[in-house]
Chemist: 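A single structure is presented below for examination.
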Amino acid sequence: MSPTKSREPGKSPEPVKSPEQWATKIGVILAVAGSAVGLGNFLRFPGQAAQNGGGAFMIPYFIAFLLLGVPICWAEWTIGRHAGARHGYHSAPGVFYAISGKRVWAYLGSIGVLIPLVIYMYYIVIESWCLTYAVQYLTGTIDLGTDPSHYAERSATHFANMTGLSQNGFVYAGNLHPSVFWCTVVFIVNFTLIYFGITKGIESFCKVAMPLMAICALVVLIRVLTLGTPNPELPDRNVINGLGFMWNPKGTATDGVWYAALLNPQTWIAAAGQIFFSLSVGFGIIINYSSYLRRRDDVVLSGLTASSTNQFFEVCLGGLITIPAAFIFLGAAGAVGGTFGLGFNTLPVVFLYMPGGWIFGFLWFFMLFLAAITSSLSMLQPAIAFLEEGFNISRKKSVTLLGLISTAGAIYVMYFSKDLAALDTMDFWVGTMMIYVLATLQVILFAWVLGAEKGRQLAEEGAEMKLPRIFPFIIKYVSPTYLLIMFGAWCVHPDNLPARIKSLSEGGVPLFSVGIILAVLVALLGMTHLALKRWEARGIQEVL
Amino acid sequence: MTTAGWIFMCGSVSAVVALTCFCYWKALVQSGSEKKMHAPLDIDTDD
């Protein structure tokens, strides 16, 4: 018989399968950090900082890290380990059910399966772009011509042709988008790794990929910091001024003092948003990963280590490479832009100017690919855990089923490539809005349903460092308030909910994409309903 | 680059590097070796 005991003696518990577990402590730390480190660390953070006060941005950034990012991480690590190690639940619906004992929380937990599943559908496409660029640098097939005045235009055209930005369909100008082929390759790599499971697949890969990613980034960083003044005719475009463009605290248009940006609420919202998305809180991934820990495994130090690793990649590497490199070769006008603009339009031009640019371009995009694949791997595991524990489906069958579902989603995203409409819509409603919702639910579950003080005690079981005494107060009052203010400010911004609701009323791809998201959500709710019957029969038993 | 820019850059990078080094030192060096390694469980409880 299985080693179980039931809290409900009237029921005969179904045997609980012994779960997979992390083999090493460094393995789980690097896997969680790998999940958090992504394109946003290298492309989104520098842009946000430069546009929102430069160096002054770091004050609200670090405050948000301490009051929002780290406390929510600790909460997720704690409820994940508690539900996984004690009760044998690993998916968000199961974890929520085990923590609360209420059916309604299992239904709410289905959002924790929806988010990584839908994000995976478009993230895999972005991941394939990174690999495509890396291969193209290695083979010398990125041709931006010989006229510097047309580099930017040709770089944008290259990106548009590769992704199908100009029209829907898989064929552009008589050729299949390269992204289709490379996306297939990336798919195979992802599912091969995930098939091998937590220890032999995810953990083994992250233990190699994370150090390799750091080495690639450090090589590029050294190259950027030793560029000096590459064009003597433009002496102002040098490394020091490039760093200054990123890090000098800037005033606002109306006030030139360095702290003026701190008086602007938008700076605080941007900083909190960056921390929130960068640490991957509210994705449903940390609770899944930490559920494979053992009962007495540390979560406090491990959570902080994973978070600090993410910050290292973001501040020490992303903050010193992207904007300074763009400034040195393209000036102030070229060093601003969104994530995709900076990453796939501006930086290829920078590498063209840079001595030895092809090898540094390859290292850069290969590093982005590693950052992306360690994130995408983490997005598959929550759904696999749900299929395994909800329906007793074997890992092989779960991986196959998930492969079919995510392939259909990725094909949809690739087909409706014009202006990246499908990708953008899914990223807004799931990759942004639903994450706020799930993070809020998790904080409520930890601080109000489980209880902040009990949560602190659970977190400190086996912990290698104590939580700050103020932690229960912060997670119960400060973090949710911070989160709700941020969510409210984000919702009412004219570019967000009002604009998106208007675009839905016009129909087309955005409306169809939201329909797909809703269909997936309804399917997951139905599956949760079926899984609950199984879990209720089993009871919230403790696994010894 | 202004003095304030140097302060923010060096302060931010130093703080993050210090926190990261402290965490890895504590997690990997200070903790006992038995806590660093787990053997993956391979128990089938379907009996």
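Since the structure is predicted, the reported quantities are computational estimates derived from the model, not experimental observations.
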Chemist: Decide side-chain contact (heavy atoms from CB on, under 4.5 Å) for A:Ile26 and B:Tyr24; before the verdict, give the C-alpha distance in whole Å, the side-chain angles of both, and the deciding distance to 0.1 Å.
Modeler: CA-CA 9 Å; A:Ile26 189 69; B:Tyr24 277 98; 3.6 Å; yes
Chemist: With rounding to the nearest 0.5 angstrom, report the CD1 to CG distance, A:Ile29 to B:Leu28.
Modeler: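 A:Ile29 atom CD1 to B:Leu28 atom CG measures 6.0 Å (nearest 0.5 Å).
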Chemist: Which heavy atom in A:Leu320 sits nearest to a heavy atom in B:Met9, and how many Å separate them?
Modeler: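 Closest pair (atom of A:Leu320, atom of B:Met9, distance): CD2-SD, 3.7 Å.
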Chemist: Heavy-atom pairs under 4.5 Å with chain B: which of A:Gly319, A:Ala56, A:Ser302 has the most?
Modeler: A:Ala56
Chemist: A side-chain contact here means heavy atoms from C-beta on lying under 4.5 Å apart; do B:Val16 and A:Phe65 qualify?
Modeler: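 With C-beta onward as the side chain, the pair stays apart.
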Chemist: How long is the straight-line distance from CZ of B:Phe22 back to OG1 of A:Thr305, given to the nearest 0.5 Å?
Modeler: 8.5 Å
Chemist: Where is the tightest heavy-atom contact between A:Gly55 and B:Phe8, given as atom of each residue plus distance?
Modeler: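 For A:Gly55 versus B:Phe8, the nearest heavy atoms are O-CD2, 3.2 Å.
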Chemist: Quick one, B:Leu19 and A:Phe312 - any side-chain contact, counting heavy atoms below 4.5 Å?
Modeler: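 No, too far: nothing below the 4.5 Å cut-off.
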Chemist: Which heavy atom in A:Pro249 sits nearest to a heavy atom in B:Gly5, and how many Å separate them?
Modeler: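 Nearest heavy atoms, A:Pro249 then B:Gly5: CD-N, 3.6 Å.
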Chemist: Heavy-atom pairs under 4.5 Å with chain A: which of B:Val13, B:Thr3, B:Val17 has the most?
Modeler: B:Val13
Chemist: Nearest 0.5 Å please: distance from the OG1 atom of B:Thr2 over to the CH2 atom of A:Trp258.
Modeler: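 Output value for this atom pair is 11.0 Å.
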Chemist: I need the minimum non-hydrogen distance between B:Met1 and A:Leu243, along with the two atoms involved.
Modeler: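 Scanning both residues, the minimum pair turns out to be SD-CB, 3.8 Å.
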Chemist: About how many Å separate OH of A:Tyr61 and OG of B:Ser12, when rounded to the nearest 0.5 Å?
Modeler: 9.0 Å
Chemist: Heavy-atom distance under 4.5 Å to chain B: side chain of A:Phe62, backbone, both or neither?
Modeler: side chain
Chemist: Please confirm whether the backbone N or O of A:Ser308 pairs with a side-chain atom of B:Thr20, one donor and one acceptor, at under 3.5 Å?
Modeler: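 Flag set: sc B:Thr20 to bb A:Ser308 pair under 3.5 Å.
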Chemist: Drop me the distance from B:Lys26's NZ to A:Leu304's CG, to the nearest 0.5 angstrom.
Modeler: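 B:Lys26 atom NZ to A:Leu304 atom CG measures 11.0 Å (nearest 0.5 Å).
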Chemist: Between atom CD1 of B:Ile7 and atom CE of A:Met58, what is the distance when rounded to the nearest 0.5 Å?
Modeler: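 One finds 14.5 Å between CD1 of B:Ile7 and CE of A:Met58.
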Chemist: Checking A:Ile59 against chain B: side chain, backbone, both or neither under 4.5 Å from a heavy atom?
Modeler: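 Only the side chain of A:Ile59 comes within 4.5 Å of chain B.
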